[in-house]
Amino acid sequence: MSEKMPNMDYDADEVINEFKEKIKWPKKNEVEAVVAPAKVPLRILIAFLITIIGGAILYYIMLPAINFKDSQMYIYLIALVALFVFGFYIACKANKMVERREYVKKKSFVPLIIIGVIVVVMAVGYVAGATLFRAHSYSQLMSVEESDFSTDFSEISYDEVPRLDRLTANYLADQQLGKLDEYKSQYVVTDNSTQINYKGTPVRVAYLEYASILKWWNNTKNGLPAYMIVDLVSQKVQVVNCVEQFGEGIKYSPTELFNEKLIRHIRFQYPTFLLDTPNFEIDDNAHPYWITPVLDHTIGLFGGIDVKGAVITDALTGESNYYDIETIRSDSSLNWIDVVYSESLIISQYNYYGKLQNGFWNSIFFQNDVNVASSGSGNIALDDDVWVYTGVTSIEADSSNFGFILCNQRTKETRYYKNGGATEYSAVKSAEDTVQNYEYSATFPILLDIEGQPTYFMSFYGDGYTIRGFALVNLEDKTIVGRGVYDEEKSMANALNAAVENYINALKDEGLVDSDANADDYMVDEDSVSDTDSADQSQTLAVTGEVTDIKSSVNNGNTVYYLQIDGVYYYISVVDSMEVLLINTGDTVTVEYDSASGSFIPAKSVKLG
């Protein structure tokens, strides 16, 4: 063979396959080419437009404060960077062209660095405000002064203390709304009522909410037409018609949507403020306002929350004014404002004070002189302000308190009292034990001074949340209880008087007060406690039916008979109806009773036939 002839010693299939390998289109994960698209500046501009539009929508929803102390702002900034990268990805058509995708990945390095810097700033801000490193600063957020119980509480009048708590007050307001045909199908009463002092009387004010999105659509043009005032002493509910009294409805509220939504309306007015939850209040002329606390983080970037002022917003017109906290404390024209410091903030700051006085590690391991607020809190009217009351207990959550605090919700003045004893909920249990046969529940207690004795006062309520009686429980000895119930005393005034008389007699029996202590000093008349104040208590109903079961019990020396009619037991004392002694199973009787609900209903009278 000639030396010039090529070597033909190879497989043709191998050559073809090798050629195919060289020219085949690569898989997505095998692409290494980076191809820049044409008109890059235009694509960047498109990405910016997407970011602006998306960012505006996101801001409208999130409403972050333009403030370096707002963690929401950092999350918003991260979202903006992510929006820009996404917009650039779409503008470059990287979702369709794999080589463009690699280009976008390369160009995303800078945005990733920006996100990393934001995350680092947030982390440093959190660490700088951590209780681990700033325990002393946290313990100084609240200043607490020791005070004398007898001196301060002597100003609280026994016959002017609230007889309703948040739950029962809201129920009565909702019940009153149900009687008003023009409102009940369109609105509901909010659960977020605010306790204030209105013309020297403790009340709760509650705004209305739209019953549904369709009801909002039908009524938002005119706003919410009214709000409710619940007198916590007389238990009367007043519906204030804003349209009739002020010429227009409440246009700005948390229940509105879009620009009339309260927090959005305030955010657009004050874009840099850290806003707390707004409180609904009224001035001395019953004009409705929103009080929105303005917060500040005083430790690190995100720690040490405190109030630096408040935005006062006219609920009708939306006009707002900002006042710093010192002005609110000192300006007499603003004394009608009652709630600037929320209960949750007050409790949180006291817990820092009680736990961190001796350092962070002491609060975890040694726990010397460590204490916290107890599990419940209530409100007391004092010095024409509203004060938060809560017991102080050990970190191990003992069943007793060794003191309690009062904190002014307008000024944050905090007083500590060394009077220890039963926790609020154990006192509630002691009171409820005395009315087991009625199955009543007790409201959250209020502290009073009765004959120099710190005393829990609470009301009893039944299934319908209407007040059915009262109880007094000694703070130091929860077994000392005085009670009075409407079913036995036949009037709310008599029930209140019976409670205090029984309580003072119990104190005498235990030798805690002098024998000359007189319950007459605390007696109230019928005008101060109207029986018609409890919902529908004056409405007498009747039922006639066959008695299918009879039971009896002895309560306070009186025999009480329980007659079952149609599955419900109606009970009455022999003292109130001798005729009940003549009734047997199978007899047909007529029972008169006040409107009530549940399986056991007190009867006013029982008649055969």
Side-chain angles (χ1 to χ4, degrees), residues 163-164 167-168 170-181 184 235-237 432 434-443 459-470 483-496 498 526 529-609:
R163 294 160 193 166
L164 303 171
L167 179 65
T168 50
N170 288 357
Y171 184 87
L172 289 183
D174 188 64
Q175 197 172 50
Q176 181 67 28
L177 183 69
K179 300 176 182 179
L180 305 174
D181 292 336
K184 67 180 181 181
Q235 304 157 53
K236 293 179 180 178
V237 182
E432 291 177 344
T434 68
V435 288
Q436 286 183 342
N437 55 310
Y438 296 117
E439 298 184 348
Y440 292 156
S441 299
T443 60
S459 302
F460 292 124
Y461 60 92
D463 292 337
Y465 291 93
T466 57
I467 301 302
R468 306 300 300 177
F470 308 95
R483 70 145 207 192
V485 293
Y486 175 84
D487 308 274
E488 298 169 3
E489 305 299 334
K490 301 310 175 187
S491 81
M492 298 305 291
N494 289 343
L496 191 58
E526 294 289 342
V529 190
S530 173
D531 294 337
T532 58
D533 292 337
S534 291
D536 291 335
Q537 225 166 242
S538 63
Q539 181 182 359
T540 300
L541 301 177
V543 60
T544 300
E546 180 183 341
V547 178
T548 56
D549 187 27
I550 299 178
K551 298 182 183 298
S552 65
S553 66
V554 178
N555 299 325
N556 295 330
N558 297 320
T559 302
V560 178
Y561 279 85
Y562 299 79
L563 311 178
Q564 187 183 48
I565 303 172
D566 296 332
V568 177
Y569 282 96
Y570 299 87
Y571 58 89
I572 193 168
S573 171
V574 174
V575 175
D576 298 318
S577 176
M578 295 293 291
E579 194 170 355
V580 74
L581 293 170
L582 306 176
I583 297 174
N584 298 303
T585 302
D587 289 344
T588 298
V589 300
T590 297
V591 178
E592 291 186 344
Y593 62 96
D594 294 326
S595 61
S597 60
S599 301
F600 294 87
I601 296 177
K604 298 179 68 175
S605 67
V606 177
K607 295 180 180 180
L608 273 167

When rounded to the nearest 0.5 Å, the distance separating CD of Glu439 from CD of Glu432 is 11.5 Å

Are Phe460 and Tyr486 near enough that their ring centres are under 6.0 Å apart? no

Return the NZ to CD1 distance between Lys604 and Ile572, rounded to the nearest 0.5 Å. 10.5 Å

Say whether, by atom type as modelled, one donor and one acceptor occur between the side chain of Ser459 and the main chain of Leu164 under 3.5 angstrom. no

Closest non-hydrogen atom pair between Tyr561 and Leu581, with its separation: OH-CD2, 3.5 Å

What one should report as the nearest heavy-atom pair of Asp487 and Arg468 is OD1-NH2, 3.2 Å

Would you say Tyr440 has more than 12 foreign heavy atoms packed within less than 6.0 Å of its OH? yes

How far does CG of Leu563 sit from OH of Tyr571, to the nearest 0.5 angstrom? 12.5 Å

Could you pull out the closest heavy-atom pair between Asp587 and Leu582, with the gap in Å? OD2-O, 4.0 Å

Search all heavy atoms of Val606 against all heavy atoms of Glu579 and return the closest pair with its distance. O-OE1, 3.5 Å

Nearest 0.5 Å, please: how far is OG1 in Thr443 from CZ in Arg163? 11.5 Å

Taking the side chain as everything from C-beta on, heavy atoms only, tell me whether Phe470 gets closer than 4.5 Å to Glu489. no

Smallest separation among heavy atoms of Arg483 and Asn437, with atom names: NH1-OD1, 4.4 Å

OG1 (Thr544) and NZ (Lys607) are apart, to the nearest 0.5 Å, by 10.5 Å

Answer whether the closest heavy-atom distance between the side chains of Tyr569 and Asp549 falls below 4.5 Å. yes

Rounded to the nearest 0.5 Å, what's the gap from OG1 on Thr548 to CD on Gln564? Could you check? 3.5 Å

If you look at every heavy atom in Ala603 and Tyr570, which pair is closest and at what distance? CB-CB, 4.4 Å

